[in-house]
Structures are given as structure tokens and as C-alpha cells.
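Please read these numbers as outputs of a predicted model, since none were measured by experiment.
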Amino acid sequence: RNKIRLISCLIWVFTLGISDSLPGTLLPRIEEYYNISYSVVSTIWLANALGFIIIAVLSHRLEHLLGKRMMIAGGCATSIIMYIFVAPGYKFPMVVVGFFFGGLGLATCLSELNIFLSRFKKSSKYLGFFHGCYGLGACIGPIFSTIMIDHGVQWNYVYCILIGLTVVNIFNQWFSFKNADEDLKPFDNPDAN
């Protein structure tokens, strides 16, 4: 069961790598589309960071209330709000709000999955795969977004790909982390394994 969970983690973090790499690549297009300056565009990163900070403060309490499965799948579901707000090219304040929800969702999954992988005997190996898949996504994202834009695709439609990938991730995480709280109890004490 944990092998399936590992695979779902790798697919999710690959998507995260793509997601994190897109704003920098698309920055000139975003500025042009909304006719705003770089300093105004930078509010998307502030909103995203605010979401991460909130989860850093609350994640340990939320896990006790919701459980691992709901936290991870819920994090994916929350992050999809970002892509849904960005993909249609709504007004810029909606994009900033979307990035805030993206920060909440991505931080939730990132914290839960890092903790999950850190509990195993070969945790450095699994965490290496995990962060390597992030790097792979972060390398591929700008390449594909640049190719799409060079072929006349509007910048915000690149996020439609992330909507599809995140829908897949919601189902992957929901089904692979079924009964995770019971299955992973022995791993909650790192000295036991």
C-alpha cells in the first residue's frame, strides 16, 4: 500500500514543480495581459506565501481534526481553486486570491507528504525521489509553457493543464491514503521502525 502512496506522492510533487515554475516564466505575459507593473504582479507570490504561513501555523491541529487522507486530498482540492481562478483570466485581484488558495493547498500537501515519507527507514531515498520529481516538474513546466505561448496559446490557458493534473491528484491521494491514519500509526513513532 505504501508503494502506491509513494507513486501518488511523486505524481503530485511533479505537478507542484510545474505549478511553482510557471509564474516566473509567464511573468512578462501576465504584466502585458493586465497592464500592470512587476511590483503589482509580485503580490501573487505574497498571497501564496501567506497561504503557506497559515498552514505552517495550523497544519498540526488540522491533521488531528481531519486525518491524513482528508488533509492530503483536501490540500489538492484547495490548490485546484488557484488554477480555476487563474485559467479563465479573471481580473487580477481574483488571480491573487487564487494564489492564496494555492498556497494553502500546496503547503498542506507538501507538509503532509514530507512527513509521510520521512517516517520510513530509507527516508532519504524516498525524499530524494520526491524532491527529484519536483525538480523534474520545475524543469518541464517552463519548457512546455514557452512552447505553448510560442504557438499562440494565451498564457492563462497553460493553467488548464494543471487543472487536469490536479483532478488526477485528488483521486490518487484520496484512494491511496485510504485508512492511512490506522496503517501509518506504527510509523508515527520513528524509533519503532
Option among Leu113, Asn172, Ile4 that satisfies the side-chain contact (heavy atoms from CB on, under 4.5 Å) test with Phe177: Leu113
side-chain hydrogen bond (donor to acceptor under 3.5 Å, both in side chains) partners of residues 99-111, not counting sequence neighbours, each pair once: none
Separation between CG of Leu117 and CG of Asn2, rounded to the nearest 0.5 Å: 9.5 Å
List the atom pairs, donor and acceptor, that lie under 3.5 Å between side-chain atoms in residues 6-14 and the rest of the protein, sequence neighbours left out.
{"unit_1": "Ser8", "atom_1": "OG", "unit_2": "Arg5", "atom_2": "O", "d": "2.8"}
{"unit_1": "Ser8", "atom_1": "OG", "unit_2": "Gln173", "atom_2": "OE1", "d": "3.4"}
{"unit_1": "Ser8", "atom_1": "OG", "unit_2": "Ser176", "atom_2": "OG", "d": "3.0"}

Stepwise side chain to side chain contact (heavy atoms under 4.5 Å, CB included) check, Thr15 with Val168: CA-CA 10 Å; Thr15 305; Val168 170; over 6 Å; no
Check: Leu110 and Phe130 side chains under 4.5 Å, non-hydrogen atoms: yes
Gap separating the CG atom of Leu27 from the CD atom of Glu31, nearest 0.5 angstrom: 4.5 Å
ring-ring contact (aromatic ring centres under 6.0 Å, His included) partners for Tyr33, two or more places apart: Trp155
Residue pair Ala73 / Trp174: nearest heavy atoms and the distance that separates them: CB-CE3, 3.6 Å
Neighbour count >12 (heavy atoms, 6.0 Å) for atom CZ, Phe144: no
Pairwise side-chain hydrogen bond (donor to acceptor under 3.5 Å, both in side chains) hits with a residue in residues 140-149, at least two apart: none
Within-4.5 Å side-chain heavy-atom neighbours: Ser19 and Tyr83: yes
Nearest heavy atoms of Met148 and Ile161, plus distance in Å: SD-CD1, 3.5 Å
Any side-chain heavy-atom pair of Asn169 and Ile80 under 4.5 Å: no
ILVMFWY cluster, Trp45 and Ile53 together (side-chain gap under 4.5 Å): no
Minimal non-hydrogen separation, Ile18 against Gly141, with atom names: CG2-CA, 4.0 Å
Ser21 OG to Ile143 CD1 distance, which is reported to the nearest 0.5 Å: 9.5 Å
Listed once per pair and sorted, the side-chain hydrogen bond (donor to acceptor under 3.5 Å, both in side chains) pairs that draw on residues 126-136, sequence neighbours left out: Asp20-Tyr134, Asn114-His131
Pair Thr43-Phe99, side chain to side chain contact (heavy atoms under 4.5 Å, CB included): steps then yes or no: CA-CA 9 Å; Thr43 57; Phe99 270 83; over 6 Å; no
Euclidean distance, Leu165 CG relative to Ile170 CD1, rounded to 0.5 Å: 11.5 Å
Met70 atom CE, neighbour heavy-atom count above 12 within 6.0 Å: no
Phe52 atom CZ, neighbour heavy-atom count above 12 within 6.0 Å: yes
Joint hydrophobic cluster, Phe85 plus Tyr157, side-chain heavy atoms closer than 4.5 Å: yes
Same apolar cluster (I L V M F W Y, side chains within < 4.5 Å links), Leu46/Val57: no
Crowding at CG, Asp150 (>12 non-hydrogen neighbours, <6.0 Å): yes
Closest contact, heavy atoms only, Glu112 versus Met71: OE2-CE, 3.8 Å
Where Asn156 and Pro88 come nearest, the two heavy atoms and their spacing: ND2-C, 3.4 Å
Heavy-atom side-chain contact between Phe100 and Ile54 under 4.5 Å: yes
Test side chain to side chain donor-acceptor pair (under 3.5 Å) applied to Tyr159 - qualifying residues, sequence neighbours left out: none
Main-chain N/O of Gly74 paired with Thr78 side-chain donor or acceptor, under 3.5 Å: yes
Residues, nucleotides or ligands: over 12 heavy atoms within 6.0 Å of Tyr34 OH: yes
Residue pair Ile30 / Ile36: nearest heavy atoms and the distance that separates them: O-CG1, 4.5 Å
Criterion side-chain contact (heavy atoms from CB on, under 4.5 Å) against Ile44, the qualifying member of Val40, Val41, Asn48: Val41
Interatomic spacing from NZ in Lys68 to CD1 in Ile115 - rounded to 0.5 Å: 8.5 Å
